[in-house]
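Please read these numbers as outputs of a predicted model, since none were measured by experiment.
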Amino acid sequence: MKTTIHNIKNYLLPSPFGEGSGVRLPFGVVLLLLVLCCFSCSKDDNVSDMNLSGDCLVEELVLNGQYKATISTEKRLLKVKVPESFNQKGDMQITSLKLSAGATSNYKEGDHINLNADRPLHITNGDRFFDYQLSVRNDEAIMTSFLLEGVKGAIDQAAKTVKVSVTANSGIDLANATFTVECSEDAVCSPASGTKANFTSPVEITLTDNTASNTYTVTVELIAKPKALFLGDKATIEELNDEEKAAAKWMLGNIAGSAYASWSDIASGNMNTDEVKFIFWHHHCPSYGSYNQFVEAEANAMLAVVKLKELWANGVGFVLSRSAVNYSIALGAQPEDAYPNNVWGGNGEGGDKMGDDPWAFSVFDTTHPLWQNLKKFPGAGEDRVYTLDKDYTICNTTSQFHFDGAYAAGKSAVEEKTGGRALIGNSNEVAGWELKAANGQFGKGGIICIGSGLFDWNSPTDYVSNYHDNMGTIMTNAYNYVGKE
């Protein structure tokens, strides 16, 4: 086909932004491109001179004549294990290095290397290359985490002991309880993690990794005077719905001295609250359009209000989330007519499933103690707090203030009406706020209310936890801010 000068001058380079858009190129640039195309398409130049035929694999690597590497091409890792007591990683010799035919490396047999830190092994073969990390690791058998039915144990590495504190009403059958162990990368656990054992008396758990071995003794202690409480409407944690159960197990596993208490435990005085400094109620249920609806539906919670008001008056801090935010009115910390006016949810465990992008809520004050030490999404604004991950499914019960009616004036109207301080929200709503302690100050003894549906603890679908770890960080921050002495 003949291309005229006129056609070249008016040629539009196709645009990635859609049909009808493009970039008009100068005549000289287009002409140059056509010349280059002619050269590149000539009969003698259509074969590359690059040599891509050889492999770049490590077939064997041995250090000091006896320590053979485990080779993972997928992970690009050459891992060499040495005895637990080995202390000469600063000067190790490559005594055997076998590569693919024709391949060469930046290291060779006979080289001495400081392997106190990982070193790159660069393999080339013609114009191909491949990089491994050469890593030398001592045998190690260290327990890093212990959970008994979700309750976290305190590990003493020097004494090799684990102490787990639970309450009598935790719902855990200590005679047949499931435990979970996290440990050093190559260590083997016996009895195996994820199995059951009788914890009515101390249990020994042994970890081994070649030359390394440690035995930990696990002891379960019944808490008589808890420091913190998770509240619920069932007799035990196991009877709670999955959303509330996940929140409760996080708390008992991560806040020392915490226990579960039902409304009956509080109202009857069966739970010793003498040393309680922090209370958490996360309530997943149908949303309430008014405070009166909340009171009618939560009759059991209202039976405990006298004791809980007393605790708040004595400086106990609270976190109330989802539909539980209404309980701040029952405690006397918020006016009765200042209930959330924009509510929905209670749809069981099958709400929205996250796509590739995690979800986040916005905060008004990024310097507030609640939002410190969180994982950040690359490129997102500092006011964005991410709590959900790809493939996570939320139930999305929400209790918030929308800027209409009594709150039409926006954030300031919410703060004036509640007597609190807005924490979570944007130009249309407030989905989280804090209320003052009984002494009239924000902070210790105050109440954190989080009505956002993104404050979610349980996903019925599998996902890889990343930003969801922020949930635990927020709760730890809240505990330190309003509860911990």
Side-chain angles (χ1 to χ4, degrees), residues 226-231 251 255 257-258 261 266 273-283 290-292 294-295 298 301-302 304-341 363-372 385 399-401 403 406-407 409-425 429-452 455 474-485:
K227 306 287 186 183
L229 296 176
F230 184 96
L231 302 179
M251 180 170 168
I255 294 182
S258 59
I266 300 295
T273 58
D274 292 347
E275 297 183 9
V276 171
K277 295 298 179 185
F278 180 75
I279 292 175
F280 180 26
W281 184 23
H282 179 72
H283 196 26
S290 72
Y291 177 63
N292 287 336
F294 172 81
V295 171
E298 304 297 339
M302 299 309 293
V305 73
V306 172
K307 180 60 179 178
L308 294 174
K309 286 179 72 171
E310 177 187 320
L311 292 174
W312 178 63
N314 290 330
V316 173
F318 284 74
V319 170
L320 304 172
S321 53
R322 291 285 179 77
S323 298
V325 297
N326 292 281
Y327 208 64
S328 60
I329 298 173
L331 294 173
Q334 186 170 309
E336 187 170 325
D337 62 347
Y339 55 84
N341 67 334
V363 300
F364 291 110
D365 179 8
T366 60
T367 67
H368 193 281
L370 258 63
W371 319 129
Q372 305 311 303
V385 172
S399 295
Q400 63 185 18
F401 297 96
F403 295 162
Y407 308 105
K411 172 175 171 284
S412 61
V414 174
E415 293 182 331
E416 181 178 357
K417 191 80 170 175
T418 61
R421 184 159 58 187
L423 299 175
I424 300 170
E429 64 202 23
V430 169
W433 59 102
E434 68 170 312
L435 302 168
K436 296 176 181 178
N439 64 10
Q441 303 296 317
F442 289 112
K444 289 291 184 287
I447 300 174
I448 302 296
C449 297
I450 302 179
S452 172
F455 196 70
I474 292 169
M475 276 303 303
T476 300
N477 290 342
Y479 170 65
N480 291 333
Y481 180 58
V482 300
K484 187 177 180 181
E485 289 184 321

So, do [X] and [Y] sit near enough that their side-chain heavy atoms are less than 4.5 Å apart?
X: Val482; Y: Phe278; answer: yes
X: Ile266; Y: Leu311; answer: no
X: Val316; Y: Glu310; answer: no
X: His282; Y: Phe230; answer: yes
X: Trp371; Y: Ile474; answer: yes
X: Leu370; Y: Val363; answer: no
X: Met251; Y: Tyr479; answer: no

Could you pull out the closest heavy-atom pair between [X] and [Y], with the gap in Å?
X: Trp312; Y: Lys436; value: CZ2-O, 3.4 Å
X: Val325; Y: Cys449; value: CG1-CB, 3.9 Å
X: Ala422; Y: Glu415; value: N-OE2, 2.9 Å
X: Arg322; Y: Ser452; value: NE-O, 3.8 Å
X: Leu331; Y: Val305; value: N-CG2, 4.4 Å
X: Gln334; Y: Ser328; value: OE1-OG, 3.3 Å

Next item on the list: Quick one: sort the Phe294 and Tyr291 rings into parallel, tilted or perpendicular, breaks at 30° and 60°.
Entry: parallel

How many angstroms lie between atom [atom1] of [X] and atom [atom2] of [Y], to the nearest 0.5 angstrom?
X: Thr476; Y: Ile255; atom1: OG1; atom2: CD1; result: 6.0 Å
X: Gln400; Y: Ile450; atom1: CD; atom2: CD1; result: 13.0 Å
X: Phe318; Y: Ile279; atom1: CZ; atom2: CD1; result: 3.5 Å
X: Glu429; Y: Phe401; atom1: CD; atom2: CZ; result: 12.0 Å

Note to self: Enumerate the side-chain hydrogen bond (donor to acceptor under 3.5 Å, both in side chains) contacts for residues 438-449, please, sequence neighbours excluded, ordered by first and then second residue.
What the structure shows: none

Item checked: Neighbour count >12 (heavy atoms, 6.0 Å) for atom CD, Gln372 -> yes

Item checked: side-chain contact (heavy atoms from CB on, under 4.5 Å) partner of Val430, chosen from Thr418, Ile424, Leu423, Val414 -> Val414

Next item on the list: Determine, stepwise, if the pair Lys227 / Lys277 fulfils side-chain contact (heavy atoms from CB on, under 4.5 Å).
Entry: CA-CA 6 Å; Lys227 306 287 186 183; Lys277 295 298 179 185; 5.9 Å; no

Could you work out, with ring-ring contact (aromatic ring centres under 6.0 Å, His included) as the rule, every residue matching [X], not counting sequence neighbours?
X: Tyr481; value: His368
X: Tyr339; value: none
X: Trp281; value: Trp263, His283, Tyr327

Notebook entry, point to check: What residues, two or more places apart in sequence or in another chain, satisfy side-chain hydrogen bond (donor to acceptor under 3.5 Å, both in side chains) together with Asp274?
Noted result: none

Item checked: By side-chain hydrogen bond (donor to acceptor under 3.5 Å, both in side chains) - contacts of Ser412 (at least two apart) -> none

Item checked: Full working for side-chain contact (heavy atoms from CB on, under 4.5 Å) between Lys411 and Trp433 -> CA-CA 10 Å; Lys411 172 175 171 284; Trp433 59 102; over 6 Å; no

